[in-house]
There are 2 protein chains.
Amino acid sequence: MEVDYDAELPPYLQVAADLRRRIASGELRPGARVPSITYIMETYGIARNTARRAVQVLTDEGLVVVRQGWGTFVRSDEADDES
Amino acid sequence: MEVDYDAELPPYLQVAADLRRRIASGELRPGARVPSITYIMETYGIARNTARRAVQVLTDEGLVVVRQGWGTFVRSDEADDES
DNA sequence: TGAAATTTGTGCGTATGTATT
DNA sequence: GAATACATACGCACAAATTTC
């Protein structure tokens, strides 16, 4: 998916929506690793900060859990701090 | 207040804490205008993005309400969309 | 009408720190 | 120690919304 800079929705929200869709569709299941910031910025063709903001949106929504130095994962309903 | 770059708490959280304290103390009452991003970055000696993040923290906490082109205000309990 | 000033919103690029593997 | 991944910060530029003149 490529971002549309002319769309009403800003790029970081477009990416967030795409990731949200991939989670809702089951492509990214609970516990699965979400594409890294670096991967996101490269594949969507956006800056690092923009990629981080997209992930931040999902974090705020509780859809994903971020662990520094490890990665970002689709949240599991059972527990939030499982290892 | 000046930020401490050697402290455990990152600058943007230090500023957020300071603003939160000013609200809790009554210095900034409900409906009052919160210092603008530009004012914050100048007085605290931090970058614009960092200042925005500090305000964003309070926004996420529901302590303040941001209106583009107008300003940021301490949230009133009565209503969220009053003019 | 509209231009200017103010303020928040979004984005780019870069650098360094911290945590995990 | 090396590689990977997230965390924080700086600086800059332009867009969008609001107010004021």
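Here is the naming used below: chain letters follow the sequence lines, and residue numbers restart at 1 for every chain.
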| request: Measure the spacing between CG of L58(A) and CD1 of I23(A) and express it to the nearest 0.5 Å. | output: 5.5 Å
Which whole-number value in Å describes the distance from [X] [atom1] to [N] [atom2]?
{"X": "W70(B)", "N": "dT20(D)", "atom1": "CH2", "atom2": "C1'", "result": "14 Å"}
{"X": "R48(B)", "N": "dC14(D)", "atom1": "CZ", "atom2": "C1'", "result": "11 Å"}
{"X": "R67(A)", "N": "dA5(D)", "atom1": "CZ", "atom2": "C1'", "result": "13 Å"}
{"X": "Y5(A)", "N": "dC14(D)", "atom1": "OH", "atom2": "C1'", "result": "14 Å"}
{"X": "E8(B)", "N": "dT8(D)", "atom1": "CD", "atom2": "P", "result": "13 Å"}
{"X": "D6(A)", "N": "dA16(D)", "atom1": "CG", "atom2": "P", "result": "10 Å"}
{"X": "I40(B)", "N": "dT8(C)", "atom1": "CD1", "atom2": "C1'", "result": "11 Å"}
{"X": "R33(B)", "N": "dT18(D)", "atom1": "CZ", "atom2": "P", "result": "13 Å"}

[X] side chain: which of [options] is closest?
{"X": "R52(B)", "options": "dT8(D), dC12(C), dG9(C)", "result": "dG9(C)"}
{"X": "T50(B)", "options": "dC10(D), dA5(D), dA13(D)", "result": "dC10(D)"}
{"X": "R53(B)", "options": "dT8(C), dT8(D), dC6(D)", "result": "dT8(D)"}
{"X": "A47(B)", "options": "dT14(C), dC12(C), dG11(D)", "result": "dG11(D)"}
{"X": "V66(B)", "options": "dT8(C), dC12(C), dT14(C)", "result": "dT8(C)"}
{"X": "N49(B)", "options": "dG11(D), dT10(C), dA5(D)", "result": "dG11(D)"}

| Polar pair under 3.5 Å, donor/acceptor by atom type, side chain Q68(B), base dT7(C) | no
Can a side chain N or O of [X] be found less than 4.0 Å away from OP1 or OP2 on [N]?
{"X": "T72(A)", "N": "dC6(D)", "answer": "yes"}
{"X": "Y39(A)", "N": "dC6(D)", "answer": "no"}
{"X": "Y12(B)", "N": "dC10(D)", "answer": "no"}

| Nearest-nucleotide 5' precedence on DNA chain C, M41(A) against G71(B) | G71(B)
| message | Both T38(B) and I46(A) contact DNA chain C. Which one's nearest nucleotide lies toward the 5' end? | response | T38(B)
| query | If we only count heavy atoms from C-beta on, is the R20(A) to E61(A) side-chain gap below 4.5 Å? | reply | yes
Minimum heavy-atom distance [X]-[Y], with the two atoms named:
{"X": "A54(A)", "Y": "Y12(A)", "result": "CB-O, 3.4 Å"}
{"X": "P30(A)", "Y": "R75(A)", "result": "CB-O, 3.7 Å"}
{"X": "D18(B)", "Y": "Y44(B)", "result": "OD2-OH, 2.5 Å"}

